[in-house]
Amino acid sequence: MRLTTGALAGLGLMLTTLMPAQVAAEAKIYPYHGANYCPAGYQPIVISGVICCGQPNQHMSYQQVMAHPVAKKKHRVKKHHVRSARPSCQPGTKGCASY
């Protein structure tokens with residue numbers, strides 16, 4: 001019983017030490033190329049699809065990033081052979097049953 005409690009406590013400590021690094025990751029702020037109605041020193045930016053004023057930390061605009069061609073994953077089409085429930089031979093020939 002104590003071994004599982006210790007293992008869970010260790011796992012919890014590991015997750016709490018890794019979580020702040022993931023939360024502290026900087027958000028991608030893209031420049032928005034449009035009319036500039038922002039105060040001096042700021043320009044239009046896009047954060048999570050919302051346009052506001054600020055300083056971008058990405059060199060490409062959001063539209064350019066989304067328009068970038070990405071190779072689609074190719075999947076193989078499997079050929080299925082359809083088999084009939086009825087026999088394909090004429091009745092009365094050897095090996096066929098009469099249904």
Side-chain angles (χ1 to χ4, degrees):
M1 188 76 159
R2 289 185 179 201
L3 181 62
T4 57
T5 306
L8 288 175
L11 181 64
L13 284 172
M14 184 181 73
L15 289 176
T16 55
T17 57
L18 293 177
M19 191 62 107
Q22 198 173 32
V23 172
E26 192 172 319
K28 292 185 178 182
I29 303 172
Y30 298 99
Y32 179 76
H33 303 292
N36 188 358
Y37 299 111
C38 296
Y42 293 105
Q43 70 181 53
I45 58 170
V46 178
I47 302 175
S48 300
V50 178
I51 301 171
C52 54
C53 295
Q55 295 291 331
N57 62 6
Q58 304 294 315
H59 67 281
M60 296 176 71
S61 71
Y62 184 73
Q63 290 82 8
Q64 290 170 334
V65 171
M66 296 310 287
H68 188 284
V70 178
K72 292 186 179 181
K73 189 175 183 181
K74 294 182 180 179
H75 60 278
R76 299 175 86 189
V77 178
K78 294 183 179 179
K79 295 182 180 179
H80 296 282
H81 297 286
V82 180
R83 295 184 180 211
S84 175
R86 296 183 178 183
S88 60
C89 56
Q90 297 293 327
T93 58
K94 190 172 182 178
C96 288
S98 58
Y99 292 102

Q: May I have all residue pairs that pass side chain to side chain donor-acceptor pair (under 3.5 Å) and include part of residues 35-44, sequence neighbours excluded?
A: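 Found none.
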
Q: To the nearest 0.5 Å, what is the distance between OG (Ser61) and CD1 (Ile45)?
A: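 Between Ser61 OG and Ile45 CD1, I get 13.5 Å after rounding to 0.5 Å.
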
Q: Roughly how far, to the nearest 0.5 Å, is the CD atom of Gln64 from the CD atom of Gln58?
A: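 Going from the CD atom of Gln58 to the CD atom of Gln64 covers 12.0 Å.
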
Q: Taking only residues two or more places apart in sequence or in another chain, which ones pass ring pair (Phe, Tyr, Trp, His ring centres under 6.0 Å) with Tyr32?
A: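 By the ring pair (Phe, Tyr, Trp, His ring centres under 6.0 Å) rule, Tyr32 matches no residue at all.
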
Q: Quick one: list whatever passes disulfide (SG to SG under 2.5 Å) with Cys53, sequence neighbours left out.
A: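 Residues passing disulfide (SG to SG under 2.5 Å) with Cys53: Cys38.
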
Q: Would you give the length of the straight line joining atom CD1 of Ile47 to atom OH of Tyr30, rounded to the nearest 0.5 angstrom?
A: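 Here the interatomic distance stands at 11.5 Å.
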
Q: Give the minimum heavy-atom separation between Met60 and Val65, together with the two atoms involved.
A: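 Heavy atoms only, the tightest pair is CB-CG2, 4.0 Å.
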
